[in-house]
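Numbered from 1 within each chain, the chains take letters A, B, ... in sequence-line order. Predicted model only: the values in this text are computed from it and were never measured. No hydrogens, no waters, no symmetry mates; every other heavy atom, side chains included, goes into these values.
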Amino acid sequence: MTEKKPTLYLIDASSYMYRAFYAMGQRLTAPDGTPTQAVYGFHQMLQKVLKDKKPERVCVVYDPPGPTLRHAIYPDYKATRERMPEDLVVQVPLIKNLVDLLGIPSVEITGYEADDVIAALARKALQAGMRVVIISGDKDLHQLVREPHVIQWDPQKDEIFTSETVERKLGVRPEQVRDFLALMGDSSDNVPGVAGVGRKTAQNLLRQFGTLDQVLSRVEDIKSAAIKKKILAGKEAALLSRDLVTVREDAPVALEPDQCTIGAADTKGLVAFFQSLGFRRFLDELAREAGGEAAHAAAEGLQRRDRLVTDEKGFSAVLAEIAREDVLSIDLETTSTDAMRADLVGVALCWEDHQAAYIPVGHTGEDAGEQLSATRVLEGLRPFLEGERPRKVGQNIKYEWVVLKRHGVELQGIDFDTMVASYLLDPGNPSHRLERIVAEHLGESKLRYSDVAGSGKHQIPFAQVPLEKAVDYACSDAETTFRLVPVLREKLQGAKLENLMDTLERPLIAVLARMEHRGIRVDAARLHELSKVLEEGIRKEEEAIYHIAGGPFNIQSPIQLRDVLFGKLQLPVIKKTKTGPSTDMSVLEELAALHPIAQHIVTYRSLTKLKNTYVDNLPKLIHPETGRIHTSYNQAVTATGRLSSSDPNLQNIPIRTEEGRRIREAFVPEAGCVLLAADYSQIELRIFAHYSGDERLVAAFAEGADIHRRTAAEMFGVPPHEVTPEMRRQAKTINFGIIYGMGPYGLGKQLGISQAGAKAAIERYFATYEGVKGWIQQVVEECRERGYAETLLGRRRYLPELNSRNRNVRQQGERLAVNTTIQGTAADLIKKAMIDIDDAIRKEGLGTAMLLQVHDELVFEVPEDELDRIRALVRDLMENVHPLSVPLVVDMGWGANWAEAHA
DNA sequence: GAGCCCGCGTAC
DNA sequence: GACGTACGCGGGCTCG
């Protein structure tokens with residue numbers, strides 16, 4: 001039996017600090033706001049090493065602050081590196097503290113990079129007869145690999161680097177890595193390498209000559225004259241680069257491999273440490289594994305105390321406590337994510353950190369046992385829910401509002417919504433789910449819905465979830481929401497977003513809830529008739545298409561359609577998508593000149609679109625009890641601040657075509673009412689004029705001119721009455737294109753003119769409106785400096801694109817800067833108008849209901865005798881929502897359906 | 001069969 | 001690669 005050689009694990013700290021910092025995908029923070037994601041990720045990495053390898057000898061190696069020997073050789077070494085982000089800088093001492101608390105030895109030597117210290121320690125270990133595992137993802141360290149004695153391992157990607165894997169990855173053996181990097185250079189460390197020699201050439205040279213020295217001494221043997229020339233010219237640079245990339249083994253390390261044993265962890269210290277950073281998961285683990293009394297106590301302290309309330313006694317105790325509180329977090333558990341169809345299953349409440357209560361009212365699982373009735377619970381809670389106090393907070397509390405309203409309770413005193421707050425802090429983030437918000441702002445992981453109810457087809461209704469799990473889940477929702485409130489409020493304050501929250505988004509919640517709850521009446525019979533008409537039209541188009549194509553096929557299948565158009569019929573490919581030739585509208589329009597099938601496909605598409613998306617689906621969404629359609633308005637989706645609408649989306653109901661308008665005819669008012677549509681005329685262009693301050697643009701709006709006609713007249717140098725429809729169309733396209741940041745290419749495509757012609761048109765536009773160009777440049781620059789676009793009411797959207805080194809990405813950022821400022825301001829204004837109008841309607845006790853918002857349009861259901869009053873009120877509040885340097889103008893129409901209201 | 005992506009088309 | 005913001009449909013692919 002041979003004694004197993006001990007192994008020394010050398011951890012390259014910087015590598016994992018940076019990676020954890022950037023790779024988490026989300027920003028974690030401690031309760032006090034300190035960023036923590038690098039600490040979190042670093043600890044995860046350490047745990048993986050400790051658990052998987054149970055190492056006896058470990059050493060964490062840090063990079064020292066300040067210059068190293070390499071800077072003496074080459075002052076520009078790592079000169080292109082950006083400085084360590086401040087959010088990471090503050091985490092470095094935390095990480096060092098963590099390593100010490102865990103009892104893991106560490107070393108840092110002034111003037112020597114971690115790589116060099118690792119090499120020196122590795123050499124010592126080999127001499128002592130040990131094996132070495134280098135823990136790092138860094139390719140510079142590949143040069144030290146000498147299996148079986150030295151290997152490199154990246155625990156995060158679980159990648160092991162041996163001679164073989166290094167060769168597969170880089171195309172050279174580990175001992176050639178330094179020469180390889182010396183030849184090709186390393187842009188991340190600003191190592192120059194030989195100009196003109198890249199990865200491939202470097203590989204080929206080393207394959208032929210073995211080492212850099214051989215390459216340089218046998219330069220005459222290089223076959224390619226061009227490469228020979230580059231090597232001769234770059235000899236100095238190559239030698240310098242080799243000095244830079246070579247890991248040296250002579251760092252003065254006092255620490256001996258034998259001393260690198262893990263000491264006892266300071267459990268008490270770790271508990272305090274994890275507690276201060278809010279790492280509940282690690283605390284739990286510590287309590288489970290270390291079993292220290294202190295850890296148990298601490299985990300206990302952070303552990304929620306959940307109360308399950310199933311009887312009158314428990315419920316009255318809860319009510320008595322709530323009565324004394326200022327803030328109440330509420331989360332309803334129900335049978336559906338659709339608030340208009342949801343029945344109550346339970347109520348979770350929280351009014352104190354780390355404590356929550358769950359009151360089941362509709363559990364049907366085997367373990368359900370005694371429960372209070374929904375009616376009883378709502379009656380008991382009513383005074384608190386319908387009063388201003390306690391103030392109510394929730395995650396997407398609009399949902400609670402609608403469900404409660406359907407259960408006869410009108411929620412008042414909404415104080416805060418964590419979803420909305422998270423959205424305001426970073427509207428570009430695609431998720432504002434509670435689980436993600438908790439991870440980002442509390443640094444905790446949370447029980448997920450799928451953890452208790454399963455997912456996919458295994459998902460069970462919440463009512464059947466075992467009560468114990470249900471309590472845990474519901475309480476965790478209510479309680480984390482409660483604790484998020486002060487954290488998010490402070491962050492809103494820090495970002496100057498508190499006012500936007502308090503005066504716009506929060507008051508909007510109840511307005512939207514009322515709109516959703518009210519819904520809009522839809523004439524199903526009318527849609528049914530339309531469906532038949534469309535069906536007949538579709539049948540005819542199908543027939544024509546099959547006839548031309550010489551047989552039936554699925555026109556809705558892009559693959560089959562491509563086959564017919566570009567295979568069978570040999571039509572030219574105009575445009576390509578990722579997967580093949582495009583068949584979209586712009587392509588078919590071009591093909592229409594060449595072949596009759598194209599027009600039929602366009603018509604077929606438009607008819608099936610209307611039928612499938614709208615006509616046949618809207619009736620399915622009519623609520624059985626109200627006979628109306630209740631869309632959901634999402635307040636936390638768009639990057640610009642607009643609302644979005646879904647289930648169904650009532651913000652993209654057709655209007656531009658005749659058949660499309662037939663669909664709007666099916667949206668009708670209640671008997672005795674009319675539908676009133678009020679839309680802002682050219683709101684985005686007006687905002688653009690306001691911001692740019694361009695005198696002619698402002699004057700045009702001040703005079704009430706037809707802006708597209710005016711633009712055409714100015715650009716083409718003709719009097720307004722001589723502007724042709726074609727000229728006006730071009731001007732209109734440019735007006736919109738400018739807001740979207742459209743370039744000559746896009747404008748040319750859109751107008752069907754040459755790119756040169758489009759370029760000239762844009763130049764004419766800028767010459768006409770002299771203030772525009774300057775404002776665009778100014779707003780882009782401001783956004784770049786601040787890091788975000790800002791709207792009139794202070795809404796922010798972060799635009800990291802503006803500092804990208806990639807030109808395309810940067811230009812994209814510039815378009816976003818302009819467009820978000822405009823679009824987001826329009827969103828601010830109509831949201832404020834909605835709040836003002838809702839207020840006025842309620843104050844005056846009117847019977848009118850706001851039903852829909854379509855970005856620049858509001859739709860109301862108005863009792864006939866209120867129409868005059870409402871028209872005046874809506875116009876006044878919309879037009880005077882906020883003073884701008886141009887007037888805001890509202891167009892209105894009304895009638896017996898939504899189409900008529902637009903006439 | 002569920003879940004996801006793609007191409008496409010509707011709105012502002 | 002080139003014009004911003006959304007939602008949702010049908011086809012078709014992947015995965016279990």
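Remark: of the listed residues D828(A), T640(A), T821(A), D828(A) is the sole one forming a side-chain hydrogen bond (donor to acceptor under 3.5 Å, both in side chains) with R795(A). Of the options Q730(A), Q682(A), H708(A), R710(A), a side-chain hydrogen bond (donor to acceptor under 3.5 Å, both in side chains) to N735(A) is made by H708(A) and by none of the others.
Looking at heavy-atom distances under 4.0 Å, G741(A) makes contact with sugar-phosphate atoms alone, never a base. Across all strands shown, Q682(A) has no heavy atoms under 4.0 Å from either base or sugar-phosphate atoms. No engagement by A827(A) is indicated, since no non-hydrogen atom pair under 4.0 Å with the nucleic acid exists. L816(A) comes within 4.0 angstrom of the backbone, heavy atoms only, and of no base. No engagement by R807(A) is indicated, since no non-hydrogen atom pair under 4.0 Å with the nucleic acid exists. Note on V818(A): nothing from the nucleic acid sits closer than 4.0 angstrom, heavy atoms only.
Here dC6(B) presents its C1' atom at 17 Å from NZ of K576(A), a figure rounded to the nearest Å. In this structure, I663(A) atom CD1 and dG8(C) atom P are separated by 15 Å, rounded to whole Å. As a whole-Å value, the separation of R795(A) CZ from dG4(C) P is 20 Å. Straight-line distance from the CG atom of L561(A) to the P atom of dC6(B): 20 Å, rounded to whole Å. Going from atom NZ of K578(A) over to atom P of dC8(B) covers 12 Å, rounded to whole Å. With rounding to whole Å, Y604(A) atom OH is found 16 Å from dC9(C) atom P. Between R810(A) atom CZ and dG1(C) atom P there is a gap of 17 Å when expressed in whole angstrom units. Atom CG in L650(A) sits about 13 Å away from atom P in dC7(C), given to the nearest Å.
Side-chain atoms of R562(A) and T579(A) include a donor-acceptor pair closer than 3.5 Å. Residues Q811(A) and E801(A) have side chains that never bring a donor and an acceptor to within less than 3.5 angstrom of each other.
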Can you pull every protein N or O that's under 3.5 Å from an N or O on nucleotides 9-12 of chain B?
residue, atom, partner, partner atom, Å
dG9(B), OP1, R605(A), NH1, 2.6
dG9(B), OP2, M585(A), N, 2.9
dG9(B), N3, K609(A), NZ, 3.0
dT10(B), O2, N652(A), ND2, 2.8
dA11(B), OP1, I655(A), N, 2.7
dA11(B), OP1, R656(A), N, 2.9
dC12(B), OP2, R656(A), NH2, 3.3
dC12(B), O3', D856(A), OD1, 3.0
dC12(B), O3', D856(A), OD2, 3.3
dC12(B), O2, R642(A), NH1, 2.8
dC12(B), O2, R642(A), NH2, 2.9

Pairs: protein N or O with nucleotides 10-12 of chain C N or O, under 3.5 Å:
residue, atom, partner, partner atom, Å
dG11(C), OP1, N554(A), ND2, 2.8
dG11(C), O3', S557(A), OG, 3.3
dG12(C), OP1, S557(A), OG, 2.5

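For N803(A), the side chain to side chain donor-acceptor pair (under 3.5 Å) partners are R784(A), not counting sequence neighbours. Remark: F688(A) engages W775(A) in a ring-ring contact (aromatic ring centres under 6.0 Å, His included) (not counting sequence neighbours).
In this model, the phosphate group of dC8(B) is approached by a side-chain N or O of S582(A) to a distance below 4.0 Å at OP1 or OP2. Close to dT5(C), at under 4.0 Å from its OP1 or OP2, lies no side-chain N or O of S644(A).
Ring to ring, H600(A) and Y546(A) are not that close: their centroids are 6.0 angstrom or more apart.
Comparing N808(A) and T820(A) by the nucleotide of DNA chain C that holds the closest heavy atom to each, the one mapping nearer the 5' end is N808(A).
The shortest distance between side-chain heavy atoms of F701(A) and V889(A) does not fall below 4.5 Å.
Applying the ring pair (Phe, Tyr, Trp, His ring centres under 6.0 Å) test to every pair with at least one member in residues 782-836 of chain A, sequence neighbours left out, gives these pairs: Y788(A)-Y798(A).
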Without placing hydrogens or testing angles, list every side-chain donor-acceptor pair under 3.5 Å for residues 585-596 of chain A, not counting sequence neighbours.
residue, atom, partner, partner atom, Å
S586(A), OG, K575(A), NZ, 3.4
S586(A), OG, D584(A), OD1, 2.9
H595(A), ND1, I597(A), N, 3.1

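To the nearest whole angstrom, the two P atoms, one in dC8(B) and one in dA2(C), are 15 Å apart.
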